Amino acid sequence: MRPRPKRLPALLLGTALTAAGLGVGSIASAAAGQPGAAAPAAHAGHTMAVSTLSSGDDPDGDGYIPAVPQVTGVTPSTATPPSRYFHEFQANCSVTHTAADDPIVYPGQPGRSHDHTFMGNTSTDAYSTTASLAAGSTTCKAPADASGYWMPSLYNGDRKILPVGPQTIYYKAGVTDYTSVRPFPKGLRFVVGDPMQSADEFRRHRGFVEGWECGDSYFNTDFPASCPSRPDVQLNIRFQAPSCWDGKYLDTPDHKSHMAYPVVKPGTNDNMCPADHPVALPMIEFKMAFPVNGDMSQVRLASGRGYSFHYDFFNAWEDRTLKALVDHCIVGGLQCDARGYDQTHPEAGAVLNTDYRLP
């Protein structure tokens, strides 16, 4: 029997609320504002329930997926490298499809979740595994990024509103010692935020950046009552993920406990990983833009109010390409685009060629 981490809070061990809407919605190429699947009526979302079914990556169905090999002997870095304002690169990925699936929270249970909008891997569904994603195609600019990214679908009345074009998913350093960041292990997955969180919990969440914004309205925990009715105005949100890993598990029953946000180094303003999650990984930041403005009174998420926003990440990058981007852009202290190119440091060159592939 493998060791278990500390006991989970009782709330996370409770029974999941039943999901209501089961429809599959529009694909990414649908024009903004065109009718999609009807929004689930009074959808209650879902809890981060303990897994109870086996899946391709979790044969015994206990919710723990061990990393092979595990990362041991790591202590959180307390170093302070030369100051660089940026240490990041982008994964630009377009919407692929929508479905009431969630291969992390409800593996092997199609239709069990509220509706999600998927980006990146075109094959992501309730049965997705590390192997199936690695074999799938992607809408990300870099073909090596077969990862799955998804979030609750957004509706305006009964119309599903899909982000148009490549969305920005940042890979950043979440710790002060950006030189200590290493690539995600293949198959790592986690949920950021919680569909059951309150408005106050959303506002105080470590991943909160500027909340929901449109025009000159910022820091909204729920959708603004209205946004300027101009072609250049969209509803935006940015939300950051935890970036410190325990080195042991690719997933845990609550889909969160194997990850942690950085902590402040005592006596400084520096960020470092906590001792029980010592491995510094890239910090994912979703920057999503939804083509909706004007009267926002009918805007909602499939999971509920605006403060129920959350998202999922399932890593299926090709290992060599991800490492090259992390080493060049994050560890190298650059502000890279999806090719791994920093316009302010052209002498550093690009990681990927013009086809967004590793040479």
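Below, each value reflects all heavy atoms present in this structure, side chains not excepted, and no hydrogens, waters or symmetry copies. Worth saying up front: this structure is predicted, and the values here are computed from it rather than measured.
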So, taking the atom named [atom1] in [X] and the one named [atom2] in [Y], what distance separates them when rounded to the nearest 0.5 Å?
X: S243; Y: E285; atom1: OG; atom2: CD; value: 11.5 Å
X: D58; Y: T129; atom1: CG; atom2: OG1; value: 12.0 Å
X: Y311; Y: H116; atom1: OH; atom2: NE2; value: 13.5 Å
X: W317; Y: C140; atom1: CH2; atom2: SG; value: 7.0 Å
X: L322; Y: N315; atom1: CG; atom2: CG; value: 6.0 Å
X: M196; Y: H310; atom1: CE; atom2: NE2; value: 10.5 Å

Checking the side chain of [X] only, and the main-chain atoms of [Y] only, is there a donor and an acceptor separated by less than 3.5 Å?
X: S217; Y: C214; result: no
X: E88; Y: K172; result: no
X: D222; Y: G306; result: yes
X: N156; Y: R159; result: no
X: D251; Y: Y64; result: no
X: T117; Y: T98; result: no
X: T176; Y: N271; result: yes
X: D327; Y: I330; result: no
X: Q109; Y: A126; result: no
X: D355; Y: R357; result: no

- Item | Steps toward ring-ring contact (aromatic ring centres under 6.0 Å, His included) verdict (F239, H205) | CA-CA 9 Å; F239 209 76; H205 195 282; 5.0 Å; yes

Go through the steps for S132 and Y127 under the test side chain to side chain contact (heavy atoms under 4.5 Å, CB included), then give the verdict. CA-CA 9 Å; S132 73; Y127 299 100; over 6 Å; no

Hey, are [Y] and [X] close enough side-chain-wise for a donor-acceptor pair under 3.5 Å?
X: T78; Y: D177; value: no
X: H114; Y: S303; value: no
X: T122; Y: S137; value: yes
X: T130; Y: K186; value: no
X: S113; Y: D102; value: no
X: T139; Y: T96; value: no
X: S257; Y: D254; value: yes
X: D295; Y: S297; value: yes

**Message:** Please tell me whether F202 and F309 form a close aromatic pair, meaning their ring centres lie under 6.0 Å apart.
**Reply:**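 Centroid separation for F202 and F309: 6.0 Å or greater.
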
Flag the pair W212 / Y218 as yes when their ring centroid distance falls below 6.0 Å, and as no otherwise.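 No, the ring centres sit 6.0 Å or more apart.
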
Looking only at non-hydrogen atoms, find the nearest pair between [X] and [Y] and report the distance.
X: G333; Y: H87; result: CA-CB, 4.0 Å
X: G120; Y: C93; result: N-CB, 4.0 Å
X: C244; Y: H277; result: CB-O, 3.3 Å
X: P81; Y: T179; result: CB-CG2, 4.0 Å
X: V175; Y: S180; result: CG2-OG, 3.9 Å
X: K248; Y: Q70; result: O-NE2, 3.2 Å

- Might you work through the salt bridge (charged side-chain N to carboxylate O under 4.0 Å, His left out) test for K323 and D319, ending with a clear yes or no? CA-CA 6 Å; K323 178 173 173 34; D319 292 332; over 6 Å; no

- Plane angle bin for F190 and F313 - parallel if under 30°, tilted between 30 and 60°, otherwise perpendicular: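 Ring orientation, 0 to 90° scale: tilted.
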
Q. Can you name the one residue among F89, F86, Y178 that meets ring-ring contact (aromatic ring centres under 6.0 Å, His included) with Y171?
A.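 Of F89, F86, Y178, ring-ring contact (aromatic ring centres under 6.0 Å, His included) with Y171 is met by F89 alone.
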
Grouping I, L, V, M, F, W and Y whenever their side-chain heavy atoms are under 4.5 Å apart, do [X] and [Y] come out in a common cluster?
X: M283; Y: V264; value: no
X: V351; Y: L334; value: no
X: V263; Y: Y261; value: no
X: F290; Y: Y307; value: yes
X: V233; Y: L154; value: no

Report task. May I have the step-by-step check of side chain to side chain contact (heavy atoms under 4.5 Å, CB included) for Q240 and V209, ending in yes or no? Result -> CA-CA 7 Å; Q240 297 176 342; V209 180; 3.6 Å; yes

Do the non-hydrogen side-chain atoms of [X] and [Y] ever get within less than 4.5 Å of each other?
X: V279; Y: L281; value: yes
X: W150; Y: F314; value: yes
X: D312; Y: H255; value: no
X: M119; Y: M151; value: yes
X: P103; Y: T124; value: yes
X: R300; Y: R305; value: no
X: Y85; Y: S83; value: no
X: Q90; Y: I169; value: no

Derivation and outcome, side chain to side chain contact (heavy atoms under 4.5 Å, CB included), residues R189 and I65: CA-CA 10 Å; R189 69 209 71 183; I65 302 176; 3.6 Å; yes

Give the C-alpha distance, both sets of side-chain angles, the deciding distance and a yes or no for side-chain hydrogen bond (donor to acceptor under 3.5 Å, both in side chains) between S123 and N121.
-> CA-CA 6 Å; S123 71; N121 199 297; 2.6 Å; yes

Side-chain ion pair, [X] and [Y], N-O less than 4.0 Å:
X: D232; Y: R230; value: yes
X: D337; Y: K141; value: no
X: D101; Y: R112; value: no

Next on the checklist: Run the side chain to side chain contact (heavy atoms under 4.5 Å, CB included) test on E318 and D145 for me, step by step, so that the C-alpha distance in whole Å, both residues' side-chain angles and the decisive distance to 0.1 Å come before the verdict.
Outcome noted: CA-CA 7 Å; E318 188 273 318; D145 186 8; over 6 Å; no

More than 12 foreign heavy atoms under 6.0 Å from CG of N269: is that the case here? no

